[in-house]
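What follows is a set of notes on a single structure, which appears directly below.
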Amino acid sequence: MVTPEPVEFRGTPVVPGLAHGPVLKVRDELDPEAVGRLEALAGLDPADALTAYDAAAAAVSQGYADRAATAAGAAAEVLTASAGLARDPGLRSAMESRINSGKPLPEAVSGAVAHFVTLFTQMGGLMAERATDLRDIERRLLARLADAPEPGVPTPAVPSVLVADDLAPADAAGLDAALVLALVTARGGATSHTAIIARQLGIPCVVGAVGVLDLTDGARVLVDGAVGALWVEPDPAEADRRVAADLEARAALAGWLGPGRTADGAPVKLLANVADADSAGAAATDPVEGVGLFRTELCFLGRADEPSVEEQTDVYAGVLGAFGQGRHVVVRTLDAGSDKPIAFATKTGEENPALGVRGLRLAHDNPGLLERQLDAIAAAAARTGTDTWVMAPMVATIAEAEVFATQVRARGLKAGVMIEVPSAALLAHQLLEVVDFCSIGTNDLTQYTMAADRMAADLVHLTDPWQPAVLQLVAIAAEAGRRSGKPVGVCGEAAADPLLACALAGMGITSLSMAAAAVRAVGSQLGAVTMAACEEAAEAALGARDPAAARAAVRGVLGPAD
Ligand code: PEP
Ligand code: MG
């Protein structure tokens, strides 16, 4: 395949797919008259200023709630969360103290929002991503105060590539997939709300493409959501040809029905990553042999208090029930902390939460939390009859694995651990002596191997699972699995990369778990190559000096994936 030169912008790939069309930029500025009206509010006395703020906050919150009512799935959740944040008492009291100390109303709004943006950004991870939501709330509050329409995405007159600084959730949720060919943002990580919603809508998406705002409206661009690249003014005929070939290739994938096998019939289980009963129900209709990662903490992101065992049982049964008939579900116990703050579990005030008390480590000070969750998982397994495996996140020592396995087996379930910390990869052979299976979380394994925050847009060259050091650790764990005869899977994003998936299989990885949308592309690539070729690809990747060389070496062995 010929790649148009030069590559103009690079970002983080989020949703694969090619698109070619004119740029339409999202602008958020108020017009000059509205700015004048806003400035006039500076003269209000504190009581009137607070009344005006309350009215604006209520209107903004209602606007989000109205959009939530017409949206579905992740989009509705994001909008509901923003509706709550707009009315947050903490934000209001930060406003009030600024107004009372004599700050003009617009300045007080911006100051209070900036205070929380800083706070969330310092917390890192998912909380940092909420900074975008706060900035959107600020823009909407100021527009309401200025008696101007709330900002939003212009409706494209022709199908366009939407380019924004960091699309607000309310805007992303309202996108019309027929008019938005692709989505490119200058900021945001792979787990930003823009990314979550783009995945749901299936719109090709690249985030963190620094400098992309310099593009002018109407410039024609080719976006490749699979590699995270954008070319400006490419040869139109060549760009259209690539888009058509991509559509054809994606249509052909629809015919892949599973199960995961190499061309010579070696089985590699393809499994789905799910977050709740809805995503499990949808994944159950895809050609997967079960669930390789049920992220239970995502069921409770908005919860202030710990759900009862009965309530948890219902939630877990909703997922397990979707996968009866010979398929299994791997339930991961709460991975609270760091980028996944759960109000009732996360330890607060840590200096460095990613290296703090997260995942299984929470059970040390709060053993009941894990016991109750295991009781609920066991009850859900009994209720549904589903083959249920349970694994713990963030395991670093054999002792942790041993204690956990005892607790899980006492409830008649299969026990495993995640390999997300380099110590666990290095000790995989001993871990497999005390557990029934392992699952490699390449997202965290990469973060901890490379000492690079997985959410940092400027460290994506390090947070790349193709990094040779990460591949070496995966190979150590896979080899331990081969020797023990116990399953060792991969459930991080690396499993969704068709070329890497083949190299992982060649290392001895027995299952690959990924977003259900990625399963057909991985399954069809696996089905096109033999296990011997996968083994050769693994060797080639492990011998490379950097991610680009590893990709090129694997492509050289397996042939182009596209
Ligand atoms: C991982 O770390 O690779 C993983 C699967 O867990 P999460 O992405 O939920 O941290
Ligand atoms: Mg992880």
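Computed from a prediction, not measured in an experiment: that's the story for all the values here. Whatever order the structure lists ligands and atoms in, that order sets their numbers, starting from 1.
- In terms of N/O distances under 3.5 Å, ligand 1 is not approached by Glu297.
- When side chains are defined from C-beta on, Met507 does not count as touching Arg482, because their heavy atoms never get closer than 4.5 Å.
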Residue pair Glu433, Lys486: steps toward the salt bridge (Lys or Arg N to Asp or Glu O under 4.0 Å) verdict: CA-CA 9 Å; Glu433 286 168 8; Lys486 293 183 179 177; over 6 Å; no
Show, in sequence, the C-alpha distance, side-chain angles and deciding distance for Trp466 and Asp546, and conclude whether the side-chain hydrogen bond (donor to acceptor under 3.5 Å, both in side chains) test is met. CA-CA 8 Å; Trp466 286 87; Asp546 58 49; over 6 Å; no
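- Of the polar atoms of Arg295, at least one N or O is found under 3.5 Å from an N or O of ligand 1, judged by distance alone.
- Atoms of ligand 1 found under 4.0 Å from any heavy atom of Leu293 (numbered from 1 in listed order, with element): 5 (C).
- At the top of the distance list for atom 7 (P) of ligand 1, counting protein heavy atoms only, stands Lys340 NZ, 3.3 Å.
- Only protein N, O or S atoms were considered, and those under 2.8 Å from the Mg ion (ligand 2) are Glu420 OE2, Asp444 OD2.
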Check the pair Arg520, Asp286 against salt bridge (Lys or Arg N to Asp or Glu O under 4.0 Å), reporting the backbone distance first and the verdict last. CA-CA 9 Å; Arg520 287 179 174 83; Asp286 285 312; 3.1 Å; yes
Begin with the C-alpha distance, continue with both residues' side-chain angles, and end with the deciding distance and a verdict on salt bridge (Lys or Arg N to Asp or Glu O under 4.0 Å) for Arg187 and Asp165. CA-CA 6 Å; Arg187 285 200 276 181; Asp165 183 31; 2.8 Å; yes
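- A heavy-atom distance below 4.5 Å is not found between the side chains of Leu445 and Val421.
- The closest protein non-hydrogen atom to atom 6 (O) of ligand 1 is Arg332 NH1, 2.9 Å.
- No heavy atom of Glu493 sits closer than 4.0 Å to any atom of ligand 1.
- Per-residue contacts place Arg454 under 4.0 angstrom from the following atoms of ligand 1 (heavy atoms of the residue considered): 2 (O), 7 (P), 8 (O), 10 (O).
- Between the side chains of Asp444 and Gln447, a donor-acceptor pair is found at a separation under 3.5 Å.
- In summary, Arg332 and Glu297 engage in a salt bridge, as defined by a charged side-chain N under 4.0 Å from a carboxylate O.
- Using a cut-off of 4.0 Å between Lys/Arg side-chain N and Asp/Glu carboxylate O, Arg361 and Asp335 are scored as not salt-bridged.
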